[in-house]
Amino acid sequence: MSVRVRFAPSPTGYLHIGGLRTALYNYLFARRNGGTLVLRIEDTDRARFVADAESDILESLRWSGIDVDEGPELGGPFGPYRQSERSALYRDAAEQLIASGHAYYAFDTPEALDAMRNRLASQGSSSPRYDAMTRMEMTNSLTLDANEVSARLSAGDPHVVRLKVNSGQDITFTDAIRGQVTFRSDEVDDQILLKSDGLPTYHLANVVDDHHMEITHVIRGEEWLSSTPKHILLYRYFGWAPPEMAHLPLIFSPSGGKLSKRKSEIEGIPVFVREYRQIGYEADALVNYLAFLGWNPGDDRELFSKEELISEFSLERVGSSGVQFSIDKLKWYNEQHLRSLPDTELVTRVQRDLVKRGIETDEKYLTRVLSVMTDRISLAADLASQARYFFEDPRGYDEAGVKKRWKGDSAKLLSAYAGRLASIEPFDAATAETALRDLADEQKVGAGRIIHPVRLALSGVTFGPGLFELIEVLGRETCLRRIRAAVDTLGH
RNA sequence: GCCGCGUUCGUCUAGGGGUCUAGGACGCCGGCCUCUCACGCCGGUAACACGGGUUCAAAUCCCGUACGCGGUACCA
């Protein structure tokens, strides 16, 4: 049987970084095994529905290079792929369970449920729940007589459908990552399958869809591990074979706990994929990093292309303990991927960012700039934010730098050097360097006495590429203009 | 509280009874290079949660404890 997996996000918000990791593992597993990746939108919660969440999920997956084979956009033989469009399926399934005695109608009001839970809690119950022990005290088709039930149903009384979980049995399943896991059925409550609005809960919809879509492996976050026994029971009651289960370790914030919007601001870790795209991370770098958040190839290699990940990925090598997200490590991956990019690709990336900032430049010039800057940036966007002087004259000079480097003789030395730059041939790094060192010798000063103030004049700052490379890239006109401006401004 | 899952350097991890005085990567520290800042290279810091047990031998197997995380909704 060919592998079919799914990524099934709920459109209650933008695609989360943890969601992307889940999508990625499903994608890698599918591609590795020549299988199919299904995208299913689980929009059964009307209260938390966010209108533009689905398009964000689609766009984020596309940006990340995770292409799905079936989904709401491109269709497929098992559609529709939005749960809101499959309601009839779930209702039929629920009725089937009622008919076979594995589910029942319940008419309890929210108040009645609260009262029941409070009462049990006050009696010292360790876990008040709607289950085999308590359901006989509630208002449902197991305690009401048949006439009353049909009367209520035809009167349109609000009701839900609950799973009837028998007590006293062990529910065991094998998780591909954790091995055998067992729950006692006494710990599983009579889960609501169909809500009073007629829509299914996750548990029902998930099992019904995974079966109808012929999903062979369920790869999802560990937060679902505890509800898996409910799903196993559902498969059993429907008479369906459950898929393989694999629960991925959760991703945490560096301070522990889950990554939240709030923490993201404090700790500088974005939670939404779209933010990584906006900041300018390389999709391949993010994917590479995310792949390693819970998986590794078993040796020392760390830099992987998407294709390499596909050919090496396996669930056997996925770890079982939660992992902390590290923005430093991601930054490192981004640097590595950036530097491995072909020149033309890098130029394209950086130019896109420059255009956004209203900086115009041509590719030829940018290629030369990058030849001296690639090793100095972590993100494509760093060029504009950290080395704007390649595109416009400095608007000021770093104060501490001036204090440290601009001496009494700087103006005189720089003017003299400008004089040499005006006529050197060819105008390149080597010649500029010779000219500077000759001048320093003649003036009986160390070369640094000229180099540092010239850098300040050209860039406004005290760091950056080698001065002579900088001079060559900027060109004669610009260098002369900037040196004159600095002499005028900083004086002496 | 109850149930489940987890626990190797600060972080991501290798390790699946002897080859481990525990390896790699990020970070951090130091050095080299050098006109600055990076890159690169070299070196350093730092871990088997704790307690029992099994065994000739345990980071590796078992039990317990602690801690962390998840679940415990008409949310997914």
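We name chains A, B, ... by the order of the sequence lines, and we start the count at 1 in each one.
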*asked:* Any strand counts, and the cut-off is 3.5 Å on both contacts for Watson-Crick or G-U wobble. Which nucleotide pairs with C75(B)?
replied: none

_Between L467(A) and D299(A), which residue's closest nucleotide on RNA chain B lies nearer the 5′ terminus?_
D299(A)

*For A22(B), what is the paired nucleotide under Watson-Crick or G-U wobble rules, both distances under 3.5 Å?*
none

*Compare the minimum distances between each of G71(B), C74(B), A25(B) and the side chain of E302(A), then state the nucleotide with the smallest one.*
A25(B)

_Could you tell me how far apart D131(A) (CG) and A73(B) (P) are, to the nearest whole angstrom?_
12 Å

*Say you pick atom P in U55(B) and the same atom in G27(B); how far apart are they, in whole Å?*
47 Å

*Give a yes/no answer on whether the side chain of R117(A) brings an N or O atom under 4.0 Å of OP1 or OP2 in C2(B).*
no

_For G40(B), give the paired nucleotide (Watson-Crick: N1-N3 plus N6-O4 or O6-N4; G-U: N1-O2 and O6-N3; both under 3.5 Å), or none._
C32(B)

*asked:* How many whole angstroms separate atom CD of Q83(A) from atom C1' of A76(B)?
replied: 10 Å

*Round to a whole Å and report the spacing from CG of D190(A) to P of C74(B).*
12 Å

*What integer distance in Å separates K230(A):NZ from G4(B):C1'?*
13 Å

*Rounded to whole angstroms, how far apart are CD on E42(A) and P on A76(B)?*
9 Å

*Hey, is the main chain of L142(A) close enough, under 3.5 Å, to the side chain of K164(A) for a donor-acceptor pair?*
no

*In whole Å, what is the span from the CD atom of Q191(A) to the P atom of C75(B)?*
9 Å

*Would you verify whether the NZ or CZ of R21(A) falls within 45 degrees of the ring axis of Y25(A) while also being under 6.0 Å from that six-membered ring's centre?*
yes

*Polar side-chain contact R455(A)-C35(B) base: donor and acceptor under 3.5 Å*: yes

*Taking only N and O in the side chain of R437(A), is any of them less than 4.0 Å away from OP1 or OP2 of C35(B)?*
yes

*Has K195(A) got more than 12 heavy atoms of other residues, nucleotides or ligands less than 6.0 Å from its NZ?*
yes

*Figure out the CG/P separation between L193(A) and A73(B), and round it to whole Å.*
15 Å

*Between A76(B) and T44(A), is there an OP1 or OP2 to side-chain N/O distance shorter than 4.0 Å?*
yes

*asked:* When you measure from the side-chain N and O atoms of K195(A) to the phosphate of A76(B), is any distance below 4.0 Å, counting only OP1 and OP2?
replied: yes

*Could you check which nucleotide pairs with U60(B) in any of the strands shown, counting Watson-Crick or G-U wobble with both distances under 3.5 Å?*
none

_Integer angstrom distance from the C1' of C50(B) to that of C33(B)_ = 48 Å

*Rounded distance (nearest 0.5 Å) linking atom CZ of F107(A) with atom OG of S196(A)*: 12.0 Å

_Rounded distance in Å between the C1' positions of G16(B) and U11(B)_ = 23 Å

*Establish, from distance only, whether the side-chain atoms of S84(A) and D43(A) form a donor-acceptor pair under 3.5 Å.*
yes

*Would you tell me if any nitrogen or oxygen in the side chain of N296(A) comes within less than 4.0 Å of OP1 or OP2 on A14(B)?*
yes

*Separation of L303(A) atom CG from A25(B) atom C1', in whole Å?*
10 Å

